[in-house]
Amino acid sequence: MGAIQSNAQLSSWLSQGQVLFLFIHLLGVACFAYIVAKRLVPIFRAAPDLRFDRPLTRLGNVLKFWLGQWKHPRYKLAGTLHILIFAGFILLAMRAFTVLMVGVSENFVMPGLSGSAGHFYEATTDYAATVVFLCMIFAIVRRLIFKPARYAVPARYGKAHTADAVFLLALIAILMVADSLFEAARAAGQAQHGQTFEFAAALSLPWMLTNALRSTSLSTVGGVYFGGYLLHELTFYFLLCYRPFGIQFHVETSLFNVYFAKLDKGTIKPVKWGVSDEHLDQVKSFGVKIFENFTWKHMLDFYSCADCGRCSDNCPANAVGRPLSPRFITIKARDYAFQHYPMFGSSGNGKPLIGTIYSDDEIWSCTTCGACEEECPLLVEYIDKIVDLRRGMIDDGNVPQSLQKPLKALESRGNPYGKMEKKRADWANVKNFQDICHVKTLDKKNGVSTLYFVDSITSYDDRMQSIGRATAKILDHVGENFGILGAAERDSGHEVRRFGEETLFMALRDHNVDAIKACGVKRIVTADPHAYNALRHDYKDVPPVEHISQLIARAVKSDKMKFKPTENENDVYTYHDPCYLGRHNHVYNDPRDVLDAIPGLKRVEMQRSRARSFCCGGGGLMLFYEPKEDQRMGVKRVRMAADAGANVIVTACPFCMVNIEDAIKVARMEGKMAVIDLAELVSQQIGREWPDVRAEHAGKTKECVAASSSEVGT
Ligand code: SF4
Ligand code: SF4
């Protein structure tokens with residue numbers, strides 16, 4: 001009888017506020033709908049983006065990256081915290097809805113959650129609320145006292161967001177307390193009259209609060225019941241409506257952001273979705289110049305960033321002090337959206353982004369290495385945005401001085417050095433190389449099955465030509481019927497495209513596609529990951545392409561290739577993953593398998609390897625553009641190799657070779673550290689002797705690039 005009285009009294013406390021609660025519900029939902037509608041305005045004004053294909057793959061991504069929180073454990077402490085909070089939120093979603101409904105319909109029970117299933121759910125969510133509360137306290141302490149470096153905001157990017165983050169964390173903690181108080185007051189009301197407080201799970205927050213309330217008067221319990229409900233409702237709707245004004249908006253947008261995420265790594269978005277290459281001349285303006293030129297998905301990225309700083313923490317440009325931090329590419333754009341698409345008043349101002357929120361240097365500083373995208377737990381994209389911003393600058397004639405000559409040379413000669421086309425195959429004609437390895441030039445369908453696509457740096461750079469010869473020797477050694485395009489080959493255009501020069505890229509690509517088709521080969525091999533990525537992702541209708549490391553690994557596995565033991569047993573090797581072989585194309589194991597097959601070779605891993613590899617400084621046109629920086633990326637990479645205990649860095653990319661070889665000199669580590677390309681090492685170890693030109697040209701790489709650069713246009 002007493003219990004019935006207590007429940008009835010509690011209910012009457014709550015029913016007194018039904019009108020108020022209903023009003024808050026309606027107001028909260030209306031405000032949220034209005035705010036979201038306002039946030040959608042720029043998205044509806046944005047450029048198109050085709051993201052509705054492959055729904056099953058996209059759903060798989062949602063399960064893996066959103067529900068499964070796949071990338072979070074890459075940062076152990078923060079990742080664990082986030083997983084606990086996320087799991088808590090998912091579990092508590094139905095409970096929060098039930099609590100909200102009870103205020104206006106006191107006997108409301110979620111379908112399927114009555115009886116023992118309901119009891120089990122209540123107990124589970126008691127713990128979930130407790131865990132989320134404790135995580136919030138921990139996160140606040142971490143933010144305020146331990147201050148992880150990656151959350152810091154350098155002065156040039158504005159003010160720190162600590163206060164906002166702490167405020168939001170505190171609000172969630174309050175929501176958990178309010179929910180637990182409401183639960184506890186109901187249980188205490190029952191317990192005061194001899195009933196067991198069946199729904200409070202032992203040692204949970206509601207359980208502790210129930211114990212605290214058990215000895216208080218029923219009127220106090222009723223007040224707490226009412227107050228707990230009101231606090232819960234107000235905090236819930238305040239949070240709901242406040243989140244779209246800051247980093248917590250990702251709670252609402254992340255699911256959609258993950259669903260619509262880019263599916264094909266290594267690719268670059270077209271200039272305009274829905275406009276084919278043939279109709280590009282009808283596009284009046286290329287790239288992103290004003291905010292509304294971004295695609296709707298890229299705007300969704302801006303809303304979805306959690307400001308966790310993981311992208312910038314892994315960005316090599318940021319690490320060496322270049323004026324680029326990917327996190328702030330997003331934060332600045334989001335701030336712009338909030339400022340220019342306000343809740344009240346007119347929206348949009350159409351001012352150019354470059355010179356207002358972004359600087360030229362910032363956008364040119366990116367090496368398109370992909371480390372930021374690899375790390376982001378919410379699959380926020382950067383490379384396409386940066387390329388689009390560059391396209392916009394190029395369209396406005398805003399090209400860095402040092403890049404003008406190489407771009408012109410690419411246009412006129414098909415290579416950035418401005419060298420004659422007929423010299424493209426000179427690397428294969430030096431000394432008596434053709435005597436030991438015949439390299440055919442393919443100018444028609446002459447029965448050759450494999451094309452070795454050399455690309456510009458290996459064709460023209462004295463030092464890198466050694467990689468060309470090594471590759472040819474390997475192909476010859478495994479019995480490949482191969483040839484090269486020679487003078488008919490043009491630069492793959494990989495860097496040209498990533499520097500935003502789409503029209504020039506298309507001209508280079510079309511020329512190469514015609515030349516490749518004309519020689520009728522069945523497959524393509526290259527030792528240059530940039531060419532590999534271009535042929536694989538930027539070109540269409542060309543035969544399948546392989547990187548030489550994949551071919552070697554296959555030859556080793558099928559016993560077609562055997563190595564002699566390493567000569568110096570004291571050498572310790574480490575493999576540097578080129579970005580366009582590893583991160584963009586997932587070729588991580590083949591080069592390592594090849595190294596491990598060399599008898600006596602000792603190999604260690606650098607701390608940053610495989611998907612977390614550290615870019616050496618950017619290939620291609622980065623050789624002609626030097627942004628302001630505190631130190632070279634290559635120098636940092638060489639030191640990482642030394643820290644791992646290595647004295648030989650093996651790479652599988654001519655651009656990495658240029659940067660690392662140069663960095664060894666800058667770091668004054670000559671004699672202590674060496675670098676070799678995988679193809680060169682393999683050609684040594686298979687015993688295909690030929691005078692090694694590497695020694696002859698050692699130290700000339702940068703000079704060659706500089707000299708070639710100065711030759712451009714002459
Ligand atoms: S692609 Fe690489 S260099 Fe560019 S922003 Fe991302 S991490 Fe930085
Ligand atoms: S873009 Fe991704 S990794 Fe970078 S701060 Fe935002 S959520 Fe974090």
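When a ligand or atom number is given, it counts from 1 through the structure's own listing order.
Short contacts between ligand 2 and V380, defined as distances under 4.0 Å to a heavy atom of the residue, involve ligand atoms 1 (S). When each atom of ligand 2 is checked for a heavy atom of A306 under 4.0 Å away, the hits are 6 (Fe), 7 (S). Each of the following atoms of ligand 2 lies closer than 4.0 Å to a heavy atom of G309: 5 (S), 8 (Fe). The distance from ligand 2 to the heavy atoms of C376 drops below 4.0 Å at these ligand atoms: 1 (S), 2 (Fe), 3 (S), 7 (S). Those atoms of ligand 1 that come under 4.0 Å of a heavy atom in L324, given as number and element, are 5 (S).
Between R51 and E381 a salt bridge is recorded (basic side-chain N to carboxylate O distance below 4.0 Å). Checked for salt-bridge contact, R592 and E605 meet the test: a charged N lies under 4.0 Å from a carboxylate O. Under 4.0 Å is where a charged nitrogen must lie from a carboxylate oxygen, and between R391 and D384 no such pair does. Salt-bridge formation is not detected for the pair E373/K265: no Lys NZ or Arg NE/NH1/NH2 atom is positioned less than 4.0 Å from an Asp or Glu carboxylate oxygen. Checked for salt-bridge contact, K332 and E362 meet the test: a charged N lies under 4.0 Å from a carboxylate O. A salt bridge between R509 and D538 is absent, with no side-chain N of the basic residue lying under 4.0 Å from a carboxylate O of the acidic one. Using a cutoff of 4.0 Å between basic side-chain nitrogens and carboxylate oxygens, R639 and D643 are not scored as salt-bridged.
Residues Y336 and F302 place their aromatic rings such that the two centres sit no closer than 6.0 Å. In this structure, F655 has its ring center under 6.0 Å from that of H530. Residues H494 and Y580 bring their aromatic ring centres within 6.0 Å.
Here the heavy atom of the protein found nearest to atom 6 (Fe) of ligand 2 is C305 SG, 2.2 Å. Remark: minimum distance from atom 8 (Fe) of ligand 2 to any protein heavy atom is reached at C308 SG, 2.3 Å. Looking only at heavy atoms of the protein, atom 3 (S) of ligand 2 is closest to C311 N, 3.3 Å.
Here atom 2 (Fe) of ligand 1 has protein N, O or S atoms under 2.8 Å from it, and they come to 1.
Ligand 2 has D307 within reach: a non-hydrogen atom of the residue lies less than 4.0 Å from it.
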